[in-house]
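Taking it in order: structure first as structure tokens, then the write-up.
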Amino acid sequence: MSFYITTPIFYVNAKPHLGHAYSTIVADTICRFKRICAEDSRFQTGTDEHGDKIVEAATGAGVSPKEYVDRISGMFRAAWPPLSIEPDNFIRTTDQEHIQVVQSILQDVYDKGDIYFSEYSGLYCNGCERFLTEKELVDGNCPDHQKPPAPISEQNYFFRMSKYQDWLIDHIKNNPEFITPERYRNEVLSFLKEPLEDLCISRPTSRLTWGIPLPFDTNFVTYVWFDALINYITGIGYPDKDLFARYWPAAEHIIAKDILKPHAIFWPTMLQSIGIAPYKRLHVHGYWNINETKMSKTIGNVVRPGELVDEFGADTVRYFLLREMSFGLDASFSTESLLARQNSDLANDLGNLFSRSLTMVARFAGNQTPKQGNLSESDQELADAAVAMIEEFKAQMNGFAFHKALQAVWAVIGRANRYIVENAPWELAKDPTNAERLATVLYTLLETLRLLALCLAAVMPGTAVKMNASLGIDTGPDLLQQGRWGLLEPGCAITVGEALFPRMDKKGKKKEKKKQDKPQEGKKQKKSESVDTDGMISFDDFTKLDLRVAEIVAAEKIKKSDRLLKLTLKAPEERTVVAGIAEHYGPEEIIGKQVIIVANLKPAKLMGVTSHGMVLAAKGEEGLVLSSVSRPVSNGSKVS
RNA sequence: GGCGAUGUAGCUCAGCUGGUUAGAGCACACGGCUCAUAUCCGUGUUGUCCGGGGUUCAAGUCCCUGCAUCGCCA
């Protein structure tokens with residue numbers, strides 16, 4: 001059976017963050033799991049690189065779109081290996097092969113009559129860069145920009161999505177697992193109760209050139225989703241390569257809830273029009289909140305996976321993310337909870353179980369796998385639990401219930417720790433007449449560890465390899481063949497290695513061992529801590545900030561928000577920055593002012609508006625007061 | 001405004017089609033062990049299961065209503 005798992009291709013207007021890492025870790029874990037179950041499995045990720053947001057970001061960064069996407073895409077590609085993530089393919093929408101196939105598909109769909117040219121007249125807001133509906137207007141104005149939108153008509157190409165609405169509804173109803181978890185399936189179905197509009201799939205080159213030209217009209221480029229979604233099939237060589245035949249329609253897509261509609265509605269109808277079977281399943285997960293608030297650039301709580309790996313290691317991060325989130329629901333991230341998992345689950349429970357077991361084998365059994373005798377009730381109970389864990393683990397993994405799969409594993413770890421106390425091998429070792437009993441107990445422990453490592457291979461590949469190395473196992477994991485009791489051969493050499501997981505203190509540093517040799521001071525101050533900033537920063541840290549003077553040239557309230565203003569700044573290039581000052585400043589009174597901004601803050605989306613930087617303001621008892629310079633200075637001047 | 005989700009111990013959450021004294025992990029307290037990464041094991045404390053009303057012999061579990069948070073849609 002073949003299996004094809006994908007992450008979304010990530011939009012390169014921002015660097016990789018925790019959410020990207022989660023999707024990708026899930027995909028990697030599932031792919032590894034399927035392989036361990038002897039399935040023919042493929043895993044693809046990549047980057048989405050077209051569209052006006054990219055042009056905007058590139059302009060902001062002062063480079064060409066091509067240079068810009070190369071840089072950010074490279075960051076994504078480089079982010080995964082440190083997390084032990086190994087995609088089979090990393091696709092970019094700027095790849096030549098992708099572009100050609102997208103064009104060929106556009107032509108096919110066009111020839112079929114599912115793409116038509118139409119004039120769209122509507123109210124266009126320059127600030128929003130989109131058409132607004134009548135209902136959105138407040139007193140005839142754009143609610144975001146307090147300006148009346150311009151009535152313009154633009155000609156564009158449309159995909160006849162509405163034509164496939166009934167088919168899609170039937171398909172979703174007939175295939176309960178098409179969209180999971182169920183809540184998202186219901187959401188899609190309820191959305192489909194309303195008539196579907198056709199999808200605008202083009203932009204005139206007068207407005208946007210950074211895209212794939214329509215093959216039948218080079219005055220237009222295709223816009224966003226039509227280009228992006230197709231990656232899932234261009235990445236396996238559609239239309240005619242072997243890979244496509246091998247992995248389609250065995251495709252399962254992982255997405256976060258924000259891109260549900262394109263994947264649950266646009267994509268299946270596109271496939272239907274192209275004449276390709278729909279993908280098999282769509283798996284929708286929730287968001288990671290950071291300390292109970294949304295991850296956001298302005299709050300400054302964006303978590304970078306790379307920093308977590310530096311501190312905790314790939315396996316801990318993978319374990320934490322999979323254990324802590326119920327797939328489909330939102331979850332909360334904090335360094336405290338990560339640290340708690342590291343210490344209690346990994347170091348104390350698993351790590352210590354492994355360590356104490358191997359040490360006893362070393363001391364009481366001459367560093368060799370002992371021979372198991374008759375199993376007592378206690379032995380049998382642990383053995384049964386360990387074997388049952390394999391089945392439970394498989395079932396939960398197949399259902400994307402990673403937290404439950406891991407709970408099942410940890411239940412056995414707890415049982416094994418209890419087993420040691422019940423059987424007290426150190427007592428048995430005192431009396432030579434207990435030799436066979438002792439051997440059986442130690443063997444039971446080693447077998448349990450072997451089965452634990454087998455389950456963990458998909459989740460924590462590095463740890464599983466270490467465990468297997470100590471146990472003298474050199475074959476790759478295979479859940480079907482190796483999930484049985486009693487496969488360890490007596491007489492094999494057991495090696496006690498280093499601790500699997502260090503206990504860490506609150507700063508996320510390794511606790512120094514008492515007796516061990518010299519602590520590795522090495523890079524004591526490697527970079528700044530990810531979230532923790534309790535102390536002083538170095539000058540180097542300070543120079544990372546790009547502080548600049550910028551002039552406010554426009555300011556508008558953001559609808560539905562009491563706090564946010566959308567500012568247009570000259571720094572000296574124009575950029576949009578969202579500031580939480582609406583309660584203290586009216587839009588009019590600040591136009592023309594010079595303020596100080598953080599120019600290299602990662603862009604963040606607030607109430608639908610992307611903010612490229614942050615305006616500094618003092619927070620006193622009087623409220624928020626904007627920063628400024630004491631005399632006018634040219635826009636873009638550095639502040640240091 | 002419409003539709004929907006959620007609200008259970010200090011924290012994170014389990015509790016399927018209603019059924020005996022409401023559970024787990026973390027944290028906390030005490031006790032035990034010594035193989036182990038100051039680890040492990042045992043015992044224990046805490047809950048108006050969001051509020052109010054209703055159905056039922058019986059409701060955290062069903063119905064109505066209110067409140068709070070969140071999501072989708074408009």
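Labels below follow one simple rule: chain letters A, B, ... track the order of the sequence lines, proteins then strands, and each chain is numbered from 1.
Rounded to whole Å, atom P of B:A14 lies 13 Å from atom CD of A:Gln396. Across the protein-nucleic acid pair, A:Phe191 atom CZ and B:C3 atom P stand 18 Å apart, rounded to whole Å. To the nearest angstrom, C1' of B:U39 lies 9 Å from CG of A:Asn417. Remark: P of B:U12 and CG of A:Asn343 are 20 Å apart, rounded to the nearest angstrom. Going from atom CG of A:Leu353 over to atom P of B:C33 covers 21 Å, rounded to whole Å. Here B:C35 presents its C1' atom at 10 Å from CG of A:Leu442, a figure rounded to the nearest Å. The distance from atom CZ of A:Arg183 to atom C1' of B:C73 is 16 Å, rounded to the nearest whole Å.
Among A:Trp410, A:Phe501, A:Phe402, the single residue meeting the ring pair (Phe, Tyr, Trp, His ring centres under 6.0 Å) criterion with A:Tyr319 is A:Trp410.
Residue contacts shown for A:Ala347 include a base, since a base heavy atom lies under 4.0 Å away. As judged by a 4.0 angstrom heavy-atom cut-off over every strand, A:Asp349 is placed among residues touching the sugar-phosphate backbone only. Within 4.0 Å (heavy atoms only), A:Ser355 reaches at least one base atom of the nucleic acid. Contact annotation for A:Gln342: no contact, since no heavy-atom pair falls under 4.0 Å across all strands. Within the 4.0 angstrom heavy-atom criterion, no nucleotide atom of any strand lies near A:Arg341. Within the nucleic acid shown, A:Leu500 comes within 4.0 Å of at least one base atom, counting heavy atoms only. Across all strands shown, A:Phe501 has heavy atoms under 4.0 Å from base atoms, whether or not it also approaches the sugar-phosphate.
Of the candidates B:U37, B:C35, B:U34, the closest approach to any side-chain atom of A:Met360 belongs to B:C35.
Between B:C70 and B:G47, the two P atoms lie 29 Å apart (nearest whole Å). Nucleotides B:A58 and B:G19 are separated by 14 Å at their P atoms, to the nearest Å. Comparing the C1' positions of B:C67 and B:C11 gives a spacing of 24 Å, expressed to the nearest Å. For B:A14 and B:U8, the P atoms lie 10 Å apart once the distance is rounded to whole Å. Spacing between B:A22 and B:C49 at atom P, rounded to whole Å, works out to 11 Å. The same atom, C1', is picked in B:A59 and in B:G54; the two are 12 Å apart, to the nearest Å. A distance of about 23 Å separates the P atoms of B:G23 and B:C28, rounded to the whole Å. Remark: the separation of the C1' atoms in B:U61 and B:C50 is 16 Å, to the nearest Å.
Along RNA chain B, the nucleotide closest to A:Val421 and the one closest to A:Ala331 are compared, and the more 5′ of them pairs with A:Ala331. Between A:Thr359 and A:Asp258, the one whose closest nucleotide on RNA chain B sits nearer the 5' end is A:Thr359.
Taking the six-membered ring wherever Trp is involved, the centroid distance between the rings of A:Phe226 and A:Phe159 falls below 6.0 Å.
Residues A:Asn423 and A:Ser378 have side chains that bring a donor and an acceptor to within less than 3.5 angstrom of each other. Neither side chain, A:Asn175 nor A:Arg281, offers a donor N or O lying under 3.5 Å from an acceptor on the other. Inspection of the A:Ser355 and A:Asn352 side chains reveals no N or O donor paired with an N or O acceptor under 3.5 Å.
When both pairing distances are held under 3.5 Å, B:G71 makes a Watson-Crick or G-U pair with B:C3. Base pairing analysis places B:G10 opposite B:C26; the two distances defining the Watson-Crick or G-U wobble pair are each below 3.5 Å. In this structure, B:G60 forms no base pair with any nucleotide, since neither Watson-Crick nor G-U wobble geometry is met with both distances under 3.5 Å. In this structure, B:C40 forms a base pair with B:G32, meeting either the Watson-Crick or the G-U wobble geometry with both donor-acceptor distances under 3.5 Å.
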Run the ring pair (Phe, Tyr, Trp, His ring centres under 6.0 Å) check on A:Phe320 and A:Phe333 step by step: do they pass? CA-CA 9 Å; A:Phe320 175 83; A:Phe333 173 90; 5.7 Å; yes
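The side chain of A:Lys261 places an N or O atom within less than 4.0 Å of a non-bridging phosphate oxygen (OP1 or OP2) of B:C73. Put simply, A:Arg363 has a side-chain N or O that comes within less than 4.0 Å of OP1 or OP2 on B:A36. Regarding contacts with the backbone of B:C40, a side-chain N or O of A:Asn348 is found under 4.0 angstrom from either OP1 or OP2. Regarding contacts with the backbone of B:C40, every side-chain N or O of A:Arg418 stays at 4.0 angstrom or more from both OP1 and OP2.
Of all the heavy atoms in A:Leu229 and A:Pro262, the pair that sits closest is CD1-O, 3.7 Å.
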